[in-house]
Amino acid sequence: SSVKMAATASATCLLLDVGPSMSKLPDDAQGRSNLEMAVQAVSAFIRNKIFFNPKDEIALVLFGTEETENHLADEQGGYDHIKTQTPMSLPGLDLVRFVNNSIVPSQSEDTQADFFDALVLGLDLVVKGTAGKKIKEYDVIMFTDAAMQFTEGGQMTQIINGYVDNGVALRVIGIGGEDFFEDDEDEPTEPVKPELPEDTVTDPKLASAILKYMCSKTSGSARSFASSLEILSQFQARSVKPSIVFQGPLEIGSLQIGVIARNRVQEAKLQSFGALSSEVDIDPENPNSGKVNRITTHHLNDDEQTEVDKEDLIKGIRYGNEYVPWDEIAQTAFKEETTKCLQVVNVIPKSNIPRNHFIGAKVISISHTREDMHAATALSALCHALEETESVLVARYIYRKNAEPILLMLWPHIKLRYECLLAVRIPYSQDIRLLSLPPILSNPKNAPSTEQLNAMDAFIDSMDLMTAMKYEDEEEPEEALQPKHVFNPARQRQLQCIEHRALNPGQPLRPLDKNLAKYAMGNRDEMLETAADKIEDLVRLFPLSPMSEEKPEKALKSWAEQVDTTDQEQQAKRRKVDESEPLTMSNLLKSKITEVGDITPVEDYEALCAEKEVDNLEKATAQLQKRVDAMVEMFLGGSSGLFLSCLQTMRKHCLDGNEPTLFNTYITQLRDKLVAKLDMRKPLWDALVDNSVTLIKSNETVASSVTDEEADKFLQLGEAEAEQAASQATKADSDDEDLLDDL
C-alpha cells in the first residue's frame, strides 16, 4: 500500500558559517560578532516556522567546523569542514535550543570551508530531502561574512543552473545588498557578473560579489546581518495565498470590467488559547488533554434563579430603556434582499475623503481576471485616468447575495510590474457623528493665549507621522509606521513571551526586544530630537506647579467619633455606623418609595430612578410631571424653588437615560401653559429663563434633534406672545384700579 505524503508549504536549507572570521566584531556590530547576529537570525527564522508554518521543513548545515560530517564527503570525498547538523525535517524546540546554546565558532584557521561546497551540499539536501513530497517553495539561505578561502574552478555556472533547474532560490545574509525583483521596486537592479579567479583566494569583496550575482540569477536576495535581523526578529504572519472575496464585473454605468478582488492587508489579531485545567495530568501527545469545557446557562432575576431553556431565548434590540424582541420572522420581514455586485456610484476628488474616514479592517486589491486582455486594458486605462485627475471611485459593494451593502473607496495603485485598484471601506453619512461639544474652558481666565496656541500647533506639526521618516538618499520625507513595514507589536510581544516560557520554564519574562520597541514606537527619538525646541517652548509657555496633597480634615459626624477609647473593635463598629445614614426617627419610619409624593417630589423621583431592578424612568417622570402641573395650577405667587428643582432633576435624568423626547415634549407643553397666563405665572417663567432650563439639545445626546438655535429660541417670547403678555399686564393693572375705586 502507498502512503500519501502530507503537503508542506516550503523546504529550506540553512547554511551557517561558523569559521574563525565570524567571531570578529564588525565596525557597526554594536558589541556583537557576526556569528552572534547570525545565530539570533537563524533562531528567529526557525521560531517563525514553528509558530506559523509548522508543516515547513528545515535542514541545518554548519560549515567551517573542525569535523567533517556530511553524506557527500562520505560518497565523493572533499566537502571538508562541513557538518550536516539536521537533515530535512520538521523543526522543533530542540533545534531552537541547539542553535541558541550549542553553536560555538571555530578558532583554527585550518577549518575554513569553501562556500561553493556548502552551496552544493545545501542544494543536494533540498532536492533529495523533498523527493516525493508536495513542496511549494525551495530555498537555500546562507549566513556568512564571505571571509573564507574559496576555489571557483568553473563551478559557479553549474551551481546556478542546478538551482534554477530545481526551482531553488539562493538567499545570502551577511554580505549586504538588496532584494531583487520585488513588487514594490520601481527600478530593479541586477549585479554585474564578477571576474572569477583561477586559484584559491581569500577575498571577501570578490566572494560577496559572486554570491550577489548568484542570488540575482536564482531569484534570491542578499542582505546584511543588521537588516535581516531586524526583519527576522519579528514573528512573521503566516504566509497564505490572498483569499478571493469577489469575482465578477466592476460596473461603471453601462461599462463592465471583469475583476477579481482579494484581501491584501488585514489586522493581525492576538492569538487565542484554550484554557487547560491544572487539576489533571496533561498528555502532550493529546491536544484535547486537560481542556476546559465551558457551559453557559441563562437564569431569571428572581428569588429562585429560574433557569431558562435555550429554546425560550430570543434576540432583542435595545430601544431607549427597553428591549424589543427581534425573532427570525421579524428579521426576515425587515431584511433587504440584495444581489452580489461591485458598482461604481460616483467619481470624486481624493481630497474629499479624509483618511480618518477609512473605517474598514482590511484593504482589498482589485485586479483584472486572468487572460482577459480587454479587462486588463480597461482597468489600466481606469487606473491611469484616476491617477492623472487625482480622483477616486466610490462603489457599492455586496460580496454575496443578501449581504449588507457597504461603501468602498477605490484608488489606483500603479507599479512597474502591475497595476490594480485598492479599496477600503468608508462610512455612510449616518455613521458619521459630528457632535458640537461645549467648550472645554468655560472660564475665560483659563483660555490659552495666541502664543500658547501657536506653540501647540507647531509642536503637533513637528510630530506628524506623515513626514517623520527621512532617508539620506531621498529628498522628500515619507510616512512612518506604514502597515506594510510594521507587524502588530502586541502580537509580536505575545509570541515572544510564549517562546521564552517554552525555552526557559520558570524564568521571568525577558524585557521588550529593542527591534520590537522600534517597530512599536517608530523613530520616536529622532522625532523628539527634531521637536526639542518646540517642547522647550511648551514648557516655557505652560508652566506647571505642584498641587498640595493635604486634604482637609472631615468634620466629626456624630458623638461616637468624639469618644476617646482604646478599644479598636468598638471604634471600628462605631465608625461603620457613622458612615451609614444618620440614625433618625424619620429614617427608621421611612418605607420604600413607590410613587412621587407632594412633600418631597424631587427625592421621591430620584429614589425611583435609582432602582436597578426595574426601569422606572418613564413612570416616575410622568408622576413628577403631574406634581409640576399641580404646582402651576395652584401657583398664586411666592417662591419657585421647588418648581425649578423638579424640572432640573427631570431634565438630568431624562438626559442620563437617553430619553430626551420624554422631557422635551413635556417642557414644550409646560411652556404653553406658562405663556398663556404669563401675568399670573411670570415668576415661574422667569425661573426657567434665568436658569436656562431649556430643551435637551443634539450636542448633549445623539437621540435629540434639537439644535442650539432652537433651544435658545425656546426661552424667548415671540412677538404675538409678547403682545399677549403686555395686554394681560395692562388688563391686570386696570382690574386693580377698579378694585381700588370700589373700595
**Message:** A side-chain contact here means heavy atoms from C-beta on lying under 4.5 Å apart; do L688 and L674 qualify?
**Reply:** yes
**Prompt:** Can any side-chain N or O of T694 pair as donor or acceptor with the backbone N or O of A711 at less than 3.5 Å?
**Reply:** yes
**Asked** Which pair of non-hydrogen atoms, one from N658 and one from A703, has the smallest distance, and what is that distance?
**Response** OD1-CB, 3.3 Å
**Item:** Separation of T339 OG1 from K401 NZ (nearest 0.5 Å)
**Value:** 9.0 Å
**Asked** Do R671's NZ or CZ and the ring of F714 fall within the cation-pi criteria of under 6.0 Å and 45°?
**Response** yes
**Message:** Does any part of the side chain of P601, heavy atoms only, come nearer than 4.5 Å to the side chain of C646, both counted from C-beta?
**Reply:** yes
**Asked** Do the side chain of D464 and the main chain of M466 share a donor and acceptor less than 3.5 angstrom apart?
**Response** yes
**Prompt:** Of the non-hydrogen atoms in S391 and V347, which two are nearest, and what is the gap between them?
**Reply:** CB-CG1, 4.0 Å
**Item:** Separation between NZ of K534 and CG of L528, rounded to the nearest 0.5 Å
**Value:** 12.5 Å
**Asked** Do I364 and L422 have side-chain heavy atoms sitting under 4.5 Å apart?
**Response** no
**Prompt:** Under the 3.5 angstrom rule, does the side chain of S640 hit a backbone N or O of A687 as a donor-acceptor pair?
**Reply:** no
**Request:** Scan side-chain atoms only and decide if H299 and T297 contain a donor-acceptor pair under the 3.5 Å cut-off.
**Result:** yes
**Message:** Testing the basics here: between L407 and P427, what is the closest heavy-atom pair and its distance to 0.1 Å?
**Reply:** CD1-O, 4.0 Å
**Asked** Which class fits the ring pair Y605 and H653: parallel under 30°, tilted 30 to 60°, perpendicular over 60°?
**Response** perpendicular
**Asked** Can you tell me if CD on E603 sees more than 12 non-hydrogen neighbours from other groups inside 6.0 Å?
**Response** yes
**Item:** Neighbour count >12 (heavy atoms, 6.0 Å) for atom CD, E322
**Value:** no
**Request:** Give a yes or no on this: more than 12 heavy atoms of other residues, nucleotides or ligands lie within 6.0 Å of atom CD of Q452.
**Result:** yes
**Asked** Looking only at heavy atoms, what is the nearest atom pair of L647 and L670, with distance?
**Response** CD1-CD2, 3.7 Å
**Prompt:** Tell me, do E336 and E404 make a side-chain contact under 4.5 Å, heavy atoms counted?
**Reply:** no
**Message:** For the CE atom of M631 and the NZ atom of K626, what is their distance to the nearest 0.5 Å?
**Reply:** 14.5 Å
**Asked** Any side-chain heavy-atom pair from R651 and C654 closer than 4.5 angstrom?
**Response** no
**Message:** Atom CD1 of residue position I317 - does it have more than 12 heavy atoms of other residues, nucleotides or ligands inside 6.0 Å?
**Reply:** yes
**Item:** Candidate pair R681 and E633, rule side-chain contact (heavy atoms from CB on, under 4.5 Å), full reasoning
**Value:** CA-CA 9 Å; R681 299 168 180 171; E633 295 296 333; 3.6 Å; yes
**Prompt:** Do other residues, nucleotides or ligands put more than 12 heavy atoms under 6.0 Å from Y428 OH?
**Reply:** yes
**Fill in**
In short, L410 meets A395 closest at the heavy-atom pair CD1-CB, 3.8 Å
**Item:** Considering all heavy atoms, the nearest L382-I252 contact
**Value:** CD2-CD1, 3.7 Å
**Message:** Tell me if a side-chain donor or acceptor on S704 pairs with a main-chain N or O of I696 at a distance below 3.5 Å.
**Reply:** yes
**Item:** Side-chain donor-acceptor pair present, T621, Y666, cut-off under 3.5 Å
**Value:** no
**Request:** For S462 and F459, indicate whether the former's side chain and the latter's backbone hold a donor-acceptor pair under 3.5 Å.
**Result:** yes
**Item:** Main-chain N/O of V308 paired to D312 side chain as donor or acceptor, under 3.5 Å
**Value:** no
**Message:** Contact between E618 and E659 at the side-chain level, heavy atoms closer than 4.5 Å - yes or no?
**Reply:** no
**Request:** Would you give the length of the straight line joining atom OG1 of T649 to atom CG of L624, rounded to the nearest 0.5 angstrom?
**Result:** 7.5 Å
**Complete:** CG of L684 to CG of L678, rounded to nearest 0.5 Å, is 9.5 Å
**Message:** salt bridge (charged side-chain N to carboxylate O under 4.0 Å, His left out) for E328 and K335? Distances and angles first, verdict last.
**Reply:** CA-CA 10 Å; E328 295 182 359; K335 187 175 181 62; over 6 Å; no
**Request:** Please assess F358 against V363 for the test side-chain contact (heavy atoms from CB on, under 4.5 Å), listing each intermediate value before the final yes or no.
**Result:** CA-CA 10 Å; F358 293 4; V363 177; over 6 Å; no
**Asked** Does W326 offer a backbone N or O that forms a donor-acceptor pair with the side chain of Q331 under 3.5 Å?
**Response** yes
**Message:** Using the rule given for side-chain contact (heavy atoms from CB on, under 4.5 Å), can you reason through K340 versus R400, listing the C-alpha separation, both sets of side-chain angles and the distance that settles it, and then say yes or no?
**Reply:** CA-CA 5 Å; K340 174 182 175 182; R400 62 172 175 81; 5.6 Å; no
**Request:** Begin with the C-alpha distance, continue with both residues' side-chain angles, and end with the deciding distance and a verdict on side-chain contact (heavy atoms from CB on, under 4.5 Å) for D327 and K315.
**Result:** CA-CA 6 Å; D327 56 11; K315 184 179 180 180; over 6 Å; no
**Message:** Checking the side chain of Q343 only, and the main-chain atoms of E251 only, is there a donor and an acceptor separated by less than 3.5 Å?
**Reply:** no
**Message:** Under the criterion salt bridge (charged side-chain N to carboxylate O under 4.0 Å, His left out), I'd like the reasoning laid out for E479 against R355: C-alpha separation, chi angles, the key distance, then a yes or no.
**Reply:** CA-CA 13 Å; E479 177 186 357; R355 189 158 184 170; 3.3 Å; yes
**Asked** Is there a donor in the side chain of E337 and an acceptor in the side chain of N402, or the other way round, less than 3.5 Å apart?
**Response** no
**Prompt:** Could you give the distance from CD (E710) to CG (N664), rounded to the nearest 0.5 Å?
**Reply:** 10.0 Å
**Prompt:** When you measure from the side chain of N616 to the backbone N and O of C609, does any donor-acceptor pair fall under 3.5 Å?
**Reply:** no
**Prompt:** Counting only N and O atoms by type, is there a donor-acceptor contact under 3.5 Å from the side chain of D302 to the main-chain atoms of T306?
**Reply:** yes
**Message:** Is the shortest side-chain heavy-atom distance between I348 and V392 below 4.5 Å?
**Reply:** yes
**Message:** Can you confirm whether Y399 sits close enough to L342 that some side-chain heavy atom of one is under 4.5 Å from a side-chain heavy atom of the other?
**Reply:** no
